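Contents: one structure, followed by commentary.
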Amino acid sequence: VFLVVRPFLMQSYFIPSGSMHPTLWEGDHIIVNKWNYRNTPLKRGEVIVFRAPQEASPEEKEFIKRLIALPGDTVEVNEGY
């Protein structure tokens, strides 16, 4: 069961930092439905998990963030917002 469920269906993740306040807090655990990632299009506002870039610290293997833009969208930062 473990060889099928974790790689293809679901996986548990730990929230290590406060970057997702107020939705998720340090120490929270989430379960990711991997089936949905593969079979439905992503939408703005969803919480997603993705591999950390190579520049990230070695302890960070995945990032857990909120999706704010889709391909073709422009993201603009004005005075820190």
Side-chain angles (χ1 to χ4, degrees):
V1 172
F2 183 76
L3 295 174
V4 173
V5 172
R6 187 165 186 231
F8 300 109
L9 300 177
M10 292 185 200
Q11 186 170 347
S12 173
Y13 290 93
F14 172 77
I15 308 299
S17 71
S19 68
M20 289 293 296
H21 285 181
T23 307
L24 300 170
W25 295 85
E26 299 96 323
D28 282 353
H29 291 268
I30 61 171
I31 295 178
V32 173
N33 182 339
K34 292 181 173 188
W35 181 259
N36 278 353
Y37 274 161
R38 291 181 175 91
N39 296 304
T40 59
L42 295 172
K43 299 178 205 85
R44 278 180 205 86
E46 288 185 326
V47 174
I48 61 171
V49 178
F50 58 96
R51 283 190 208 108
Q54 291 180 346
E55 306 85 53
S57 69
E59 304 91 48
E60 295 180 301
K61 295 178 184 167
E62 291 96 8
F63 280 174
I64 301 167
K65 302 295 177 192
R66 182 166 309 283
L67 185 62
I68 61 167
L70 297 171
D73 289 350
T74 300
V75 177
E76 187 174 317
V77 178
N78 288 317
E79 298 178 16
Y81 294 96

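Predicted, not measured: the structure shown is a model, and the values here were computed from it. The residues of the chain are indexed from 1 along the displayed sequence.
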- Is there a chain of hydrophobic side chains (I, L, V, M, F, W, Y, each step under 4.5 Å between heavy atoms) that links I64 to F14? no
- Query: By side-chain contact (heavy atoms from CB on, under 4.5 Å), which residues pair with S17, not counting sequence neighbours?
  - Reply: S19
- Message: Run the side-chain contact (heavy atoms from CB on, under 4.5 Å) test against V77 and tell me which residues pass, sequence neighbours left out.
- Response: none
- Note on the structure: Closest non-hydrogen atoms of W25 and P22, given as atom of the first, atom of the second and distance, are NE1-O, 3.1 Å
- For R51, side-chain contact (heavy atoms from CB on, under 4.5 Å) partners two or more places apart: none
- Flag side-chain contact, heavy atom, 4.5 Å: L9 against K34: no
- Message: Going by side chain to side chain donor-acceptor pair (under 3.5 Å), name the residues that satisfy it together with E62, two or more places apart in sequence or in a different chain.
- Response: none
- Item | Spatial distance of atom CE (M10) from atom CG (N36) [nearest 0.5 Å] | 9.5 Å
- Minimum heavy-atom distance between E60 and A52, given as atom pair plus value: O-CB, 3.3 Å
- What pair of heavy atoms forms the shortest contact from F63 to A56, and how long is it? CZ-CB, 3.9 Å
- Side-chain contact, heavy-atom cut-off 4.5 Å: D28 with M20? no
- Task: Return the minimal non-hydrogen interatomic distance between K43 and L67, and the atom names on each side.
- Result: O-CD2, 3.4 Å
- Item | Least distance between heavy atoms, P16 atom then E26 atom | O-CG, 4.2 Å
- Task: Please name all residues satisfying side chain to side chain donor-acceptor pair (under 3.5 Å) with E76, sequence neighbours left out, ordered by chain then number.
- Result: N78
- Test ring-ring contact (aromatic ring centres under 6.0 Å, His included) applied to Y13 - qualifying residues, sequence neighbours left out: none
- Task: Could you pull out the closest heavy-atom pair between L42 and L70, with the gap in Å?
- Result: O-CD2, 3.8 Å
- Rounded to the nearest 0.5 Å, the CD1 atom of I68 sits from the CD atom of E46 at a distance of 14.0 Å
